[in-house]
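Whatever order the structure lists them in is the order used to number ligands and atoms, beginning at 1. Just so you know, these numbers come straight off a predicted model, no measurement behind them.
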Amino acid sequence: MAEQPIRSVCVYCGSRPGRDPAYVEAAADLGRALAEAGLRLVYGAGDVGIMGAVAAAARAAGGRQMGVIPQHLFGREAHSRADPDLIVTETMHERKKVMFMNADAVVALPGGPGTLDELFEVLTWRQLGLHEKPVILLNTNGYWDPLIALIDRVIEAGFAEPDFAAFLTPCATPAAVMAFLRSELALTTP
Ligand code: AMP
């Protein structure tokens, strides 16, 4: 039987931990679960905040990962790790492209402006028919509820097609994210 190709999941998430400890806890749970499912983590290569929590947990559970960082941030944070899977890009734009290209699915965890920017770029591409990759929201403690409501408002007001909302799958817990990924990526691993 042909070997299943390695599947990769790109996470977009805060470079800060946020005020609710549940954000970091859920991020670590997701990182661990991705590793246990044999999924490679693609991420922003920072050791900080939610991003650092996902990656550290995935690494501790023996998961594979690809970090993608632009040159100007590389000097600041990721240089101390001897990471064979670190890709250094010239610009932020190139970085986003490399992260997305190397992913089979995307999960946005709680985060700030950078996370929103990354998330909406892939949603815009999806709306334009440029890809069909699953885009998931880890909605820890309802963090993304206002965003989900805003998307409904955008549709109601006639600024997006009704099917725009269906391009984003909110999941309340890391376990729900994993169940959705399993069905979407047809994973045979537990
Ligand atoms: P934010 O939500 O504003 O904290 O931005 C986080 C997102 O932007 C992450 O998904 C990263 O891809 C990227 N990013 C922002 N700040 C950093 C950083 N200091 N190190 C690495 N990536 C970052």
Side-chain angles (χ1 to χ4, degrees), residues 8-35 39-59 63-126 131 133-148 150-151 167-171 174 177 181:
S8 300
V9 174
C10 178
V11 298
Y12 301 142
C13 50
S15 55
R16 300 168 186 228
R19 293 212 170 92
D20 183 345
Y23 301 144
V24 165
E25 281 161 26
D29 286 349
L30 184 68
R32 205 173 304 116
L34 290 172
L39 289 164
R40 182 178 65 159
L41 175 73
V42 177
Y43 78 115
D47 283 336
V48 287
I50 304 282
M51 201 180 352
V54 182
R59 216 175 294 139
R64 300 176 63 156
Q65 49 191 239
M66 170 192 273
V68 186
I69 194 153
Q71 187 66 48
H72 78 279
L73 287 178
F74 175 66
R76 247 202 269 164
E77 34 186 284
H79 63 287
S80 55
R81 269 203 337 264
D83 189 345
D85 294 322
L86 189 68
I87 294 180
V88 182
T89 63
E90 272 181 36
T91 65
M92 290 291 279
H93 280 115
E94 195 193 341
R95 177 228 218 156
K96 286 198 285 185
K97 185 173 144 197
V98 171
M99 286 170 76
F100 187 69
M101 268 171 38
N102 283 286
D104 298 293
V106 167
V107 185
L109 284 71
T115 305
L116 287 165
D117 169 58
E118 293 166 337
L119 172 65
F120 273 93
E121 184 166 73
V122 301
L123 284 177
T124 308
W125 291 343
R126 177 73 201 256
H131 72 87
K133 297 179 185 181
V135 182
I136 303 163
L137 271 185
L138 176 55
N139 193 18
T140 307
N141 282 352
Y143 176 73
W144 290 118
D145 285 352
L147 182 93
I148 296 164
L150 178 63
I151 289 176
F167 298 154
L168 192 57
T169 304
C171 292
V177 171
L181 283 173

Next item on the list: Start with the C-alpha gap between Gln65 and Asp85, add the side-chain angles, then the distance that decides, and say whether side-chain contact (heavy atoms from CB on, under 4.5 Å) holds.
Entry: CA-CA 7 Å; Gln65 49 191 239; Asp85 294 322; 5.7 Å; no

Margin query: For Arg126 and Leu168: C-alpha separation, side-chain torsions, deciding distance, then whether side-chain contact (heavy atoms from CB on, under 4.5 Å) applies.
Written below: CA-CA 10 Å; Arg126 177 73 201 256; Leu168 192 57; over 6 Å; no

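Under a 4.0 Å heavy-atom criterion, Lys96 is not in contact with ligand 1. Taking a 4.0 Å cut-off on heavy atoms, Gly14 registers as neighbouring ligand 1.
Ionic pairing of Asp117 and Lys96 is present here: one or more N-O contacts between side-chain nitrogen and carboxylate oxygen are shorter than 4.0 angstrom.
No side-chain donor-acceptor contact under 3.5 Å links Tyr143 to the backbone of Leu109. No donor-acceptor pair under 3.5 Å is formed between the side chain of Arg32 and the backbone N or O of Ala57.
Residue Cys13 has at least one nitrogen or oxygen atom sitting less than 3.5 Å from a nitrogen or oxygen atom of ligand 1, judged on distance alone. For Val11, no nitrogen or oxygen atom sits less than 3.5 Å from a nitrogen or oxygen atom of ligand 1, counting backbone and side chain alike.
The proximity of Leu73 to ligand 1, defined as any non-hydrogen pair under 4.0 Å, is limited to the side chain.
With Val177 as reference, Ile136 is the one residue of Ile136, Asp29, Leu137 to meet the side chain to side chain contact (heavy atoms under 4.5 Å, CB included) rule.
Of all atoms in ligand 1, numbered sequentially from 1 with element shown, those under 4.0 Å from a heavy atom of Gly44 are 12 (O), 21 (C), 22 (N). Contact atoms of ligand 1 toward Tyr12: 10 (O) (distance under 4.0 Å to a heavy atom of the residue).
Of the listed residues (Arg16, Glu118, Met51), the one carrying the non-hydrogen atom nearest atom 8 (O) of ligand 1 is Glu118.
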